[in-house]
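Below: one structure, written as structure tokens.
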Amino acid sequence: LLQSIAVRAVAPPSARRGGLRRVCVETKHSYATNTRLALRVTIPSAASLLVTFDPRSSTKGGVDVLTLFSDAHMKDPIGVPYHGTSGAQNWPPVPPVRGGALTLHFESDDGPPDWGYRIFIKPLGADGKPVSAAGMWVESVPGMMHPTRGKHDISLLTDSPRSSGAGLMLTFDRAACAAVPGSARQGGGRTHLKISSAAGKHSYQGG
């Protein structure tokens with residue numbers, strides 16, 4: 001069982017061209033009650049990030065709230081808290097995210113849930129145009145004061161995903177992958193990781 005995790009995805013040296021073009025982060029649809037999620041996505045080579053929502057994104061207004069931050073300790077919010085029924089009024093465009101990192105934090109109460117959210121993250125170059133990145137990080141958030149609970153699905157889109165030269169190599173930061181102490185294994189905050197290919201083939205499970 002894992003208390004925290006850090007996974008790095010990079011385009012292999014054998015890849016003929018390009019790399020990572022988009023990251024998709026989403027809840028279950030619908031998300032579970034009493035969800036508490038926090039995740040940090042970093043694309044080091046990006047000058048900035050373009051963040052957009054699936055138009056179906058919807059949560060219980062005023063209660064089940066998604067907040068975006070530029071820092072890992074969740075002190076510098078980006079835009080507004082996102083919640084409520086689908087549409088631009090509750091899910092307005094996200095301001096440009098300077099640098100290549102973004103933290104997501106979401107909490108829901110014990111009432112009936114909604115569809116949830118799906119976020120698309122694209123790396124941009126210095127000229128503000130989409131670029132292909134050589135790699136990215138997904139990791140736990142050190143600023144979380146309470147154990148996480150719930151599920152995030154993360155999808156990575158590469159250039160020419162159907163070509164034989166495309167693909168990603170995944171590695172773990174062992175120092176950041178902390179095990180849950182024995183006395184805490186029955187409580188919350190345990191991290192489970194499952195990795196599958198685009199074809200749905202199960203390739204790894206841990207935690």
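Computation of the quantities below employed the complete heavy-atom set of this structure, encompassing side-chain atoms and omitting hydrogens, waters and symmetry-equivalent molecules. For reference, positions follow the sequence shown, starting with 1. What you see is a predicted model, and the numbers here were worked out from it, not measured in a lab.
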Within-4.5 Å side-chain heavy-atom neighbours: [X] and [Y]:
| X | Y | result |
| --- | --- | --- |
| Arg21 | Pro130 | no |
| Leu104 | Leu37 | no |
| Leu68 | Ile119 | yes |
| Phe106 | Leu39 | no |
| Trp91 | Asp54 | no |
| Leu66 | Thr27 | no |
| Asp109 | Lys60 | yes |

Identify the two heavy atoms, one from [X] and one from [Y], that lie closest to each other, and give their separation to 0.1 Å.
| X | Y | value |
| --- | --- | --- |
| Ala126 | Ala47 | N-CB, 3.7 Å |
| Leu20 | Pro123 | O-CG, 4.0 Å |
| Met136 | Val23 | CE-CG2, 3.7 Å |
| Arg56 | Trp115 | O-CE3, 3.3 Å |
| Ser30 | Pro113 | CB-CG, 4.3 Å |
| Ser70 | Ile78 | N-CD1, 3.5 Å |

Answer with yes or no whether the hydrophobic clustering places [X] together with [Y]; edges join I, L, V, M, F, W, Y residues whose side-chain heavy atoms lie under 4.5 Å apart.
| X | Y | answer |
| --- | --- | --- |
| Leu50 | Trp137 | no |
| Val80 | Val94 | yes |
| Val51 | Leu124 | no |

### Message
Suppose we call two aromatic rings close when their centres sit under 6.0 Å apart. Are Tyr82 and Tyr117 close by that rule?
### Response
no
Does [X] reach the main-chain N or O of [Y] with its side chain, forming a donor-acceptor pair under 3.5 Å?
| X | Y | answer |
| --- | --- | --- |
| Thr59 | Gly84 | yes |
| His83 | Asp64 | no |
| Asp71 | Asp76 | yes |
| Ser108 | Thr35 | yes |

What's the spacing between [X] [atom1] and [Y] [atom2] if we round to 0.5 Å?
| X | Y | atom1 | atom2 | value |
| --- | --- | --- | --- | --- |
| Met74 | Thr67 | CE | OG1 | 9.0 Å |
| Phe53 | Ser58 | CZ | OG | 12.0 Å |
| Ser48 | Leu102 | OG | CG | 12.0 Å |
| Phe120 | Glu26 | CZ | CD | 7.5 Å |

